[in-house]
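Taking it in order: structure first as structure tokens, then the write-up.
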Amino acid sequence: QAHQCISMPAQHQQAAPPRHAAPAVAAALVAPASGPSSFDASVPQGVLANRPSGQHVQIDIVSTWGDPFYVGLSALEFYDAVGDPIEIEDPAAQARADPADINVLPEYGHDVRVVSNLLDGSLRTCDNSHLWLAPFTSGQTNYVNVDLGSHVSLSMIRVWNYNKSRIHSFRGARLLEIRLDGALIFRGEVNKAPGALHGADVLQSAHALLIQNEAFDGSLNEDTILVV
């Protein structure tokens, strides 16, 4: 039976404010220009850092789950050393992508699927106004950059993949490299979203990258899927 696809807030959105509130960013983020993919399957994959700290996150999207023309995500979450979500105060100023979104294409111009949506707090969603979508070319790398607002230690990054519909879920990112202040902290495959909000496979909506951190006890809400 089909289910209507509407936004569902995460449980932690009702919790107390996080300990780290990112200040507004004065200087604009500049995402690197998209270029040829450099993903080397011979290099180790998985979480590659222990107690990483920094301010600037760069996500290199190397491939999709099958769509040859578009790539997208639903949301990104970042957790500090004690497991609290890091608040992004100004998503429009603290996130950049290259290509920016599908509005760079001549047939678009006012599409709401922009990169700031990844940080708006809507996680498990099929709503265009909370998704990001950009052109994709096989063999090229797409980039998403996030300024966390201050220097922080990370315990987890949670990637919510593109969840518009079952067919469009193939636009989701598959192979990623994630860097924190230039240091590679993750490379590998992330879960494909189910393209729905209900059913057993909805647990695949998010991919949690659990980064070892002695101050973090591993306590997370029931929506977290630990896959590494």
Side-chain angles (χ1 to χ4, degrees), residues 1-18 22 57 59 61 64-67 70-80 83-89 91-92 94-95 97 101-102 111-134 136 142 144 146 148 154-176 178 186 188-211 218-228:
Q1 182 179 358
H3 296 272
Q4 186 180 6
C5 202
I6 58 175
S7 297
M8 295 178 64
Q11 283 189 338
H12 74 249
Q13 291 174 270
Q14 299 175 357
V57 177
I59 300 175
I61 302 175
T64 72
W65 275 97
D67 194 293
Y70 300 98
V71 67
L73 295 170
S74 292
L76 295 169
E77 293 180 281
F78 303 94
Y79 289 78
D80 67 15
D84 286 334
I86 297 171
E87 180 182 2
I88 305 296
E89 286 193 348
Q94 292 176 243
D101 51 58
I102 58 173
D111 196 279
V112 296
R113 288 170 289 184
V114 297
V115 71
S116 59
N117 293 343
L118 298 180
L119 305 172
D120 69 2
S122 294
L123 307 176
R124 187 188 300 169
T125 181
C126 303
D127 186 340
N128 277 350
S129 64
H130 299 295
L131 302 174
W132 169 70
L133 188 68
F136 175 79
N142 286 55
V144 174
V146 177
L148 300 176
L154 291 180
S155 60
M156 189 182 74
I157 299 172
R158 190 156 51 174
V159 178
W160 295 79
N161 226 331
Y162 195 73
N163 197 49
K164 172 64 179 175
S165 66
R166 291 190 184 275
I167 292 176
H168 289 150
S169 66
F170 288 92
R171 294 176 172 177
R174 185 172 184 174
L175 293 176
L176 303 180
I178 302 179
F186 172 82
E189 183 178 284
V190 293
N191 295 338
K192 176 180 170 292
L197 297 180
H198 304 278
D201 57 357
V202 77
L203 293 178
Q204 297 298 311
S205 294
H207 189 120
L209 312 176
L210 186 63
I211 303 166
S219 301
L220 298 164
N221 67 52
E222 65 182 17
D223 286 332
T224 299
I225 306 95
L226 300 181
V227 294
V228 296

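Here the structure is a predicted model, which means the values were calculated and not measured.
- Between the CZ atom of Phe186 and the CD1 atom of Ile59 there is a distance of 10.0 Å, given to the nearest 0.5 Å.
- Nearest heavy atoms, Gly172 versus Val71: C-CG2, 4.3 Å.
- Of the possible donor and acceptor atoms, none in the side chain of Ser74 sits under 3.5 Å from a partner among the backbone N and O of Leu131.
- Using modelled atom types, no side-chain atom of Asp101 and backbone atom of Asp111 make a donor-acceptor pair closer than 3.5 Å.
- Asp80 places no side-chain N or O within 3.5 Å of a backbone atom of Ile86 that could act as its donor or acceptor partner.
- Residues Pro91 and Ser116 approach most closely at CB-O, 3.5 Å, considering heavy atoms.
- Between Gln94 and Glu89, the shortest heavy-atom distance links the atoms OE1-N, 3.5 Å.
- The two residues Ala173 and Leu73 have their closest heavy-atom pair at CB-CD2, 3.9 Å.
- From Leu119, atom CG reaches atom CZ of Phe78 across 6.5 Å, with rounding to the nearest 0.5 Å.
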Where do Arg171 and Phe136 land on the side chain to side chain contact (heavy atoms under 4.5 Å, CB included) test, with the steps shown first?
CA-CA 9 Å; Arg171 294 176 172 177; Phe136 175 79; over 6 Å; no
Hey, mind stepping through His130 and Thr125 against side chain to side chain donor-acceptor pair (under 3.5 Å) and telling me if it holds?
CA-CA 7 Å; His130 299 295; Thr125 181; 5.4 Å; no
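- Note that OH of Tyr162 is 12.5 Å distant from OG1 of Thr64, once rounded to the nearest 0.5 Å.
- At distances below 3.5 Å, not a single donor-acceptor pair connects side-chain atoms of Trp65 with backbone N or O atoms of Ser169.
- Put simply, CG on Asn128 and CG on Leu133 are 8.5 Å apart, with the number rounded to the nearest 0.5 Å.
- Asp127 CG to Asn163 CG: the interatomic distance, rounded to the nearest 0.5 Å, is 11.5 Å.
- Across every non-hydrogen atom of Arg166 and Ala196, the tightest pair is NH2-CB, 3.8 Å.
- The distance from the CG atom of Leu76 to the CD1 atom of Ile157 is 8.5 Å, given to the nearest 0.5 Å.
- Contact check for Leu154 versus Tyr79: no side-chain heavy atoms found under the 4.5 Å cut-off.
- Between Cys126 and Leu197 the shortest side-chain heavy-atom distance falls below 4.5 Å.
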Take Val190 and Asn161, measure what side chain to side chain contact (heavy atoms under 4.5 Å, CB included) needs, and give me the verdict at the end.
CA-CA 8 Å; Val190 293; Asn161 226 331; 3.9 Å; yes
